[in-house]
Novice: 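One structure, as structure tokens, below. Some questions next.
So that the names make sense, note that chain A is the first sequence line, chain B the second, and so on, each numbered from 1. Computed from a predicted structure; not experimentally measured.
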2 protein chains.
Amino acid sequence: MRDADAPLHSKQRSRLIDVANHAGVTKSVVSRVLNNDRTLSIREETRTRILDAVRDLGYQPHTGARALAGASTRALALLIPDLTNPVYSRITRGAVQQARVRGFAMLLAEDSADFGVDRQFADLVASHRVDGLLIASARPDHPLLGMLPDSRIPHVFVNRVVAGSGRNISLQIEAASQAALDHLLALGHRRIGHVSGPEQLAPTVSRRAGLLGAAAAAGIPEPSIESGEFNEQGGYAAATRLLADHPDLTAIYASTLNQAIGVLSAVHAAGLRIPGDISVISYDDLPLAGFLHPPLTAIAMPLMELGQAAVDALCAQLEGAPPEDVLVPGAPEVVVRRSTGPPRSGPPSGTAKVPS
Amino acid sequence: MRDADAPLHSKQRSRLIDVANHAGVTKSVVSRVLNNDRTLSIREETRTRILDAVRDLGYQPHTGARALAGASTRALALLIPDLTNPVYSRITRGAVQQARVRGFAMLLAEDSADFGVDRQFADLVASHRVDGLLIASARPDHPLLGMLPDSRIPHVFVNRVVAGSGRNISLQIEAASQAALDHLLALGHRRIGHVSGPEQLAPTVSRRAGLLGAAAAAGIPEPSIESGEFNEQGGYAAATRLLADHPDLTAIYASTLNQAIGVLSAVHAAGLRIPGDISVISYDDLPLAGFLHPPLTAIAMPLMELGQAAVDALCAQLEGAPPEDVLVPGAPEVVVRRSTGPPRSGPPSGTAKVPS
DNA sequence: CCGCCGGGGAAAACCGGTTTTCTAGGCGCC
DNA sequence: GGCGCCTAGAAAACCGGTTTTCCCCGGCGG
């Protein structure tokens with residue numbers, strides 16, 4: 001035992017040099033062992049002696065020192081538009097989990113405060129706080145987009161498609177819309193309304209395009225579309241307009257679970273029965289959907305997997321791979337509950353023009 | 001101008017030494033100016049020269065170097081049990097925002113993965129990644145609780161009350177239960193059920209205690225209580241049991257918005273009308289509540305403020321203040337919607353014993 | 001005239017790692 | 001037997017800040 005001089009009873013955190021002394025080597029060797037430096041040649045016995053010392057002392061590298069010495073910070077940052085939107089909650093969960101698996105910490109920034117978030121994000125990078133960025137909040141005019149291409153900072157876009165960026169991590173949105181339409185067609189619906197999201201947002205556009213394309217291919221009348229924010233109020237307002245302007249609709253496809261809740265509310269308010277008068281189907285499935293009134297038919301999307309895939313893609317960039325678009329696999333699945341049914345035969349039963 | 005030798009066109013990030021050269025001083029002076037070192041005496045002219053240089057060069061300190069040199073990391077970590085629970089989303093939002101205001105980054109960890117989260121959190125501290133911890137996820141048996149008192153790491157408990165810790169940041173939960181009961185009493189209810197949360201969880205206990213105390217004071221029969229997880233399924237199951245075992249109930253008070261959604265569903269499934277047969281009221285108000293069927297009466301709690309207060313309290317500790325309990329002000333407010341009304345006079349109308 | 005004091009800032013040590021360079025010894029080879 | 005090479009690890013230079021110490025200089029009192 002050569003550790004007689006090591007401060008075994010010290011309450012201090014142990015440093016690399018302590019481990020080195022404990023193992024009877026220099027700190028450079030310890031560092032290289034811990035980082036799996038292939039250019040180091042070392043006897044197996046020495047290696048285990050070092051690893052034992054690491055364990056004995058409970059050594060934990062100092063993140064700052066590491067970052068300073070040029071290595072990575074092993075931290076990522078996630079920018080999302082709205083934490084209270086369950087869609088982003090799931091994506092965040094997946095991303096945080098996967099980051100953890102890969103040994104990264106995850107920083108969080110929310111765009112809703114929109115109080116200089118672009119600036120904040122730029123600072124995270126400039127101050128070497130993170131190795132890379134996950135951006136789930138890029139509207140086409142987002143200031144961040146202007147500064148990213150110049151910087152060398154690795155980043156991916158999550159659930160966003162920034163044209164030509166070559167680093168978009170996305171879901172099979174068009175296929176989801178196709179699946180939703182197929183479900184409605186199988187029930188016999190032909191006049192369909194769509195509650196869409198904010199204009200120019202990539203997922204909005206994809207869902208709409210998927211729906212319109214599929215409708216055209218199926219030879220049914222072009223779906224009526226109204227847009228609203230990605231929340232309950234947005235869904236409520238859009239559905240109210242749809243019902244008022246297109247009394248012949250028999251089904252509504254909502255772009256988001258939050259919107260769908262607003263849609264349900266608007267349909268109830270119009271005095272219509274679900275699915276008797278109007279069927280409602282939603283993109284995004286969550287446990288919540290099963291407890292609505294009526295339980296909501298929805299398209300389950302692999303949101304956690306999206307978050308995980310985004311972290312994987314970002315890590316690949318960190319390891320030197322060129323960025324590339326990723327389409328998260330997993331076919332959309334229609335979870336049939338009780339908000340969809342055959343279309344009514346006659347005119348709607350309720351007083352569609354008189355919301356309470 | 002003395003900056004002729006400064007690499008003005010360099011694309012590199014500028015360092016402290018660059019700023020110093022640009023301003024014609026040494027880096028120690030720059031550092032002390034930027035950190036408002038009161039022991040430094042400096043001419044006003046020099047100070048502005050330095051600040052100008054900082055601005056001109058777009059200087060951004062290297063977080064790692066700073067942390068290494070003994071200063072703080074200016075990062076905090078937040079541990080929450082479940083991101084998809086909107087309650088925690090709001091708390092998180094408040095915390096992230098306030099951290100940003102105070103110049104801190106926020107790291108996120110979720111307990112749901114419960115894949116060594118305590119270990120992960122300990123690591124964050126041990127590796128000097130964060131200055132302090134916000135813990136919103138402490139069950140009494142949480143492993144983290146065993147290790148925290150020893151460590152000198154500043155931390156607070158958010159929406160949790162760890163007895164004797166002296167660092168609990170909490171809401172006026174008892175008052176909220178009181179307000180809920182007052183609302184029901186005013187409507188004429190006397191037989192009340194309560195859907196409670198997981199046992200031993202501090203908020204669960206507080207809400208229950210508040211309700212029982214207020215009920216006793218009002219002289220009504222002791223409320224019937226069933227517990228369930230803090231999600232829709234938990235609320236559904238608990239409400240189903242309540243309805244089956246206590247057919248005389250005329251109102252249910254749910255512990256969480258998620259649970260309330262399950263309660264609504266269970267009441268519907270039992271064939272009962274809301275509020276005709278059963279009134280439902282919930283702790284936690286969110287926009288979502290207004291779009292349920294029927295729109296849900298709920299107690300609005302200042303969740304974002306809770307998150308902010310937690311960050312404030314933690315920062316106070318970082319600045320050397322002794323930890324102390326904080327009761328976030330803001331009286332609970334009953335947002336009356338349509339899920340509550342006068343109690344029915346006779347027996348319930350539905351087939352309460354036959355959930356579909 | 002000299003010593004002391006305080007303002008203004010320079011110098012250097014240090015934080016804990018990473019990475020490149022260097023060296024001592026042992027071995028095979030010619 | 002001398003040489004180069006390989007192995008195993010030592011040494012030292014850095015990364016970019018913070019903080020303590022030190023120094024110079026001018027003014028002022030004795």
Novice: Just how far, in rounded Å, is P of C/dT21 from CG of A/D37?
Specialist: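 Whole-Å distance recorded here is 13 Å.
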
Novice: By the 4.0 Å heavy-atom rule, please label A/T46 as base, sugar-phosphate, or nothing.
Specialist: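 A/T46: backbone/sugar contact only, no base atoms under 4.0 Å.
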
Novice: 5'-most contact on DNA chain D: B/N35 or A/R43, nearest heavy atom basis?
Specialist: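 Checking each residue's closest nucleotide, the 5'-ward one belongs to A/R43.
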
Novice: Would you please name every residue forming a side chain to side chain contact (heavy atoms under 4.5 Å, CB included) with B/I42, sequence neighbours left out?
Specialist: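 Expected list: B/V29, B/V33, B/L40, B/T46, B/R47, B/I50.
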
Novice: Can you list, in residue-number order, the parts of residues 60-70 of chain A that come under 4.0 Å of DNA chain D, counting heavy atoms only?
Specialist: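 Output list: A/L68, A/A69.
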
Novice: Output every pair passing salt bridge (Lys or Arg N to Asp or Glu O under 4.0 Å) with a member in residues 308-321 of chain A, not counting sequence neighbours, ordered by first then second residue.
Specialist: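 Those involving residues 308-321 of chain A are A/R102-A/D312.
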
Novice: Between the two ends of the helix from C/dC1-D/dG30 to C/dC30-D/dG1, what is the bend in degrees, rounded to 10 degrees, where each end axis spans five pairs?
Specialist: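 For the helix from C/dC1-D/dG30 to C/dC30-D/dG1, the axes at either end differ by 60°.
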
Novice: Which residues pass the side chain to side chain contact (heavy atoms under 4.5 Å, CB included) test with B/V326, sequence neighbours left out?
Specialist: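 For B/V326, the residues satisfying side chain to side chain contact (heavy atoms under 4.5 Å, CB included) (neighbours in sequence not counted) are B/I169, B/A313.
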
Novice: So, using salt bridge (Lys or Arg N to Asp or Glu O under 4.0 Å) as the criterion, who are the partners of B/R90 when residues are at least two apart?
Specialist: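 Counting only residues at least two positions away or on another chain, B/R90 forms no salt bridge (Lys or Arg N to Asp or Glu O under 4.0 Å).
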
Novice: By the ring-ring contact (aromatic ring centres under 6.0 Å, His included) test, which pairs, at least two apart or in different chains, include something from residues 45-85 of chain B?
Specialist: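 ring-ring contact (aromatic ring centres under 6.0 Å, His included) check on residues 45-85 of chain B returns A/H128-B/H62.
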
Novice: Sequence neighbours left out, what pairs pass salt bridge (Lys or Arg N to Asp or Glu O under 4.0 Å) with at least one residue falling in residues 19-35 of chain A?
Specialist: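 Listed once each, the pairs are A/R32-A/D37.
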
Novice: Scan A/L16 against the nucleic acid and name what it touches under 4.0 Å (heavy atoms): base, sugar-phosphate only, or nothing.
Specialist: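 The residue A/L16 makes base contact.
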
Novice: Show every salt bridge (Lys or Arg N to Asp or Glu O under 4.0 Å) that has at least one partner inside residues 50-73 of chain A, sequence neighbours left out.
Specialist: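 As it turns out, the salt bridge (Lys or Arg N to Asp or Glu O under 4.0 Å) pairs with a partner in residues 50-73 of chain A, which skip direct neighbours, are A/D52-A/R55.
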
Novice: At the 4.0 Å heavy-atom cut-off to chain A, mark where contacts on DNA chain D begin and end, going 5' to 3'.
Specialist: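 Listed 5' to 3', the contact boundaries are D/dT7 to D/dG16.
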
Novice: Please list, chain by chain and in numerical order, all residues satisfying side chain to side chain contact (heavy atoms under 4.5 Å, CB included) with B/A77, sequence neighbours excluded.
Specialist: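 For B/A77 the side chain to side chain contact (heavy atoms under 4.5 Å, CB included) partners, ignoring immediate neighbours, are B/L107, B/F121, B/L124, B/V130, B/L133.
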
Novice: May I ask you to say whether A/R93 pairs ionically with B/D82, meaning some side-chain N is under 4.0 Å from a carboxylate O?
Specialist: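 Result for this pair is yes, salt bridge flagged.
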
Novice: Only counting residues at least two apart or in another chain, list the ones meeting side chain to side chain contact (heavy atoms under 4.5 Å, CB included) with A/A53.
Specialist: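 Only A/V19, A/H22, A/A23 meet the side chain to side chain contact (heavy atoms under 4.5 Å, CB included) criterion with A/A53.
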
